[in-house]
Amino acid sequence: MKRLTLGIRLYATDLTACIRCGGAIRLRDSWPLNGGGRICPKCVSEAVEAHRLAEAADRVTQS
């Protein structure tokens with residue numbers, strides 16, 4: 001599928017949607033993902049916390 005472009009420059013205040021939760025966010029308040037799309041700070045912090053908990057659980061089971 002080809003991506004369509006309108007030739008309009010994006011600004012930091014333009015809105016987009018978080019690819020994880022679907023919430024509306026401004027471009028300057030989000031991070032781009034390698035696979036395309038953007039992610040909001042809330043989803044980033046949730047993903048980091050889930051990763052930390054998984055690592056901690058893995059350490060407990062290996063001990």
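- For Leu27, the side chain to side chain contact (heavy atoms under 4.5 Å, CB included) criterion is met by Leu10, Asp14, Thr16, Arg38, not counting sequence neighbours.
- In terms of the salt bridge (Lys or Arg N to Asp or Glu O under 4.0 Å) criterion, residue partners of Asp29 (sequence neighbours excluded) are, by chain and number, Arg26.
- Taking every heavy atom of both residues into account, Ala17 and Gly22 meet most closely at CB-O, 4.1 Å.
- Residues passing the salt bridge (Lys or Arg N to Asp or Glu O under 4.0 Å) test with Arg20: none are found, sequence neighbours excluded.
- Between Ser30 and Ile25, the shortest heavy-atom distance links the atoms CB-CD1, 3.2 Å.
- The two residues Cys40 and Cys18 come nearest to each other via the heavy atoms N-SG, 3.4 Å.
- Counting only residues at least two apart or on different chains, the side-chain hydrogen bond (donor to acceptor under 3.5 Å, both in side chains) pairs with a member in residues 41-56 are His51-Glu55.
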